[in-house]
Amino acid sequence: MDRTRPLVRDVLPDLADELTALLLEEGEHRLAAGIPALRLVAECGCGEASCQSIRTSEHPPGQPYGSGHRTVPLLADAGLLVLDVVDDRIVHVEVLDRPPMRRRTAWM
């Protein structure tokens, strides 16, 4: 992983905290433990006004993740949070229909 990429917790601390709490509630302790090291690779870029999704790993757009992929829907208080996970590593955080995320620092 490119360590020059910012940590999610540094740029989007509220999201990182929420993901950790929701993952623990779901019994996804291994994924929750990885949140402090999760890095921002890119914003979704789909152009939809309701989308604030982020990529946390390099991946060609429109390509399937392949074996070891699973989705983890989370029971958020607002909107939709769904994780794409490959081999127990979060590669994409889908964030839809939620209030604008507070950013602690600028990135990109």
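Quick caveat: nothing in here was measured; it's all calculated off a predicted structure. Counting from 1, the numbers follow the sequence of the chain as shown.
- Remark: side-chain polar atoms of R9 are not paired, donor with acceptor, to backbone N or O of A16 under 3.5 angstrom.
- L22 CG to L75 CG: the interatomic distance, rounded to the nearest 0.5 Å, is 7.5 Å.
- At least one side-chain heavy atom of L81 sits less than 4.5 Å from a side-chain heavy atom of L19.
- Atom CG of L83 is separated from atom CD of E26 by 10.0 Å, given to the nearest 0.5 angstrom.
- To the nearest 0.5 Å, atoms CD1 (I54) and CD (E43) are separated by 9.0 Å.
- Between V85 and H69 there is no side-chain heavy-atom pair separated by less than 4.5 Å.
- Considering only residues two or more places apart in sequence or on other chains, R98 meets the salt bridge (Lys or Arg N to Asp or Glu O under 4.0 Å) condition with E18.
- Judged by distance alone, with hydrogens and angles left aside, the side-chain atoms of T56 form a donor-acceptor pair with the main-chain N or O of V91 at under 3.5 Å.
- We find the CG-OG distance between D97 and S50 to be 4.5 Å, quoted to the nearest 0.5 Å.
- Side-chain atoms of S53 come within 3.5 Å of backbone atoms of V95 as a donor-acceptor pair (strictly under, hydrogens ignored).
- Ion pairing between R39 and E58 fails under the 4.0 Å rule for side-chain N and carboxylate O.
- A side-chain donor-acceptor contact under 3.5 Å links Q52 to the backbone of P99.
- Side-chain contact between L23 and H29 is absent, with no heavy-atom pair separated by less than 4.5 Å.
- Under the 4.5 Å side-chain heavy-atom criterion for Ile, Leu, Val, Met, Phe, Trp and Tyr, I35 and L74 are members of the same hydrophobic cluster.
- With contacts defined as side-chain heavy-atom distances shorter than 4.5 Å, the pair S57/R89 qualifies.
- With contacts defined as side-chain heavy-atom distances shorter than 4.5 Å, the pair V82/L80 qualifies.
- A continuous path of Ile, Leu, Val, Met, Phe, Trp and Tyr side chains, each step under 4.5 Å between heavy atoms, connects V72 with L38, placing both in one hydrophobic cluster.
- When each of D14, V11, L15 is checked for a side chain to side chain contact (heavy atoms under 4.5 Å, CB included) with M101, only L15 meets the rule.
- Residues passing the salt bridge (Lys or Arg N to Asp or Glu O under 4.0 Å) test with E28 are R70, sequence neighbours excluded.
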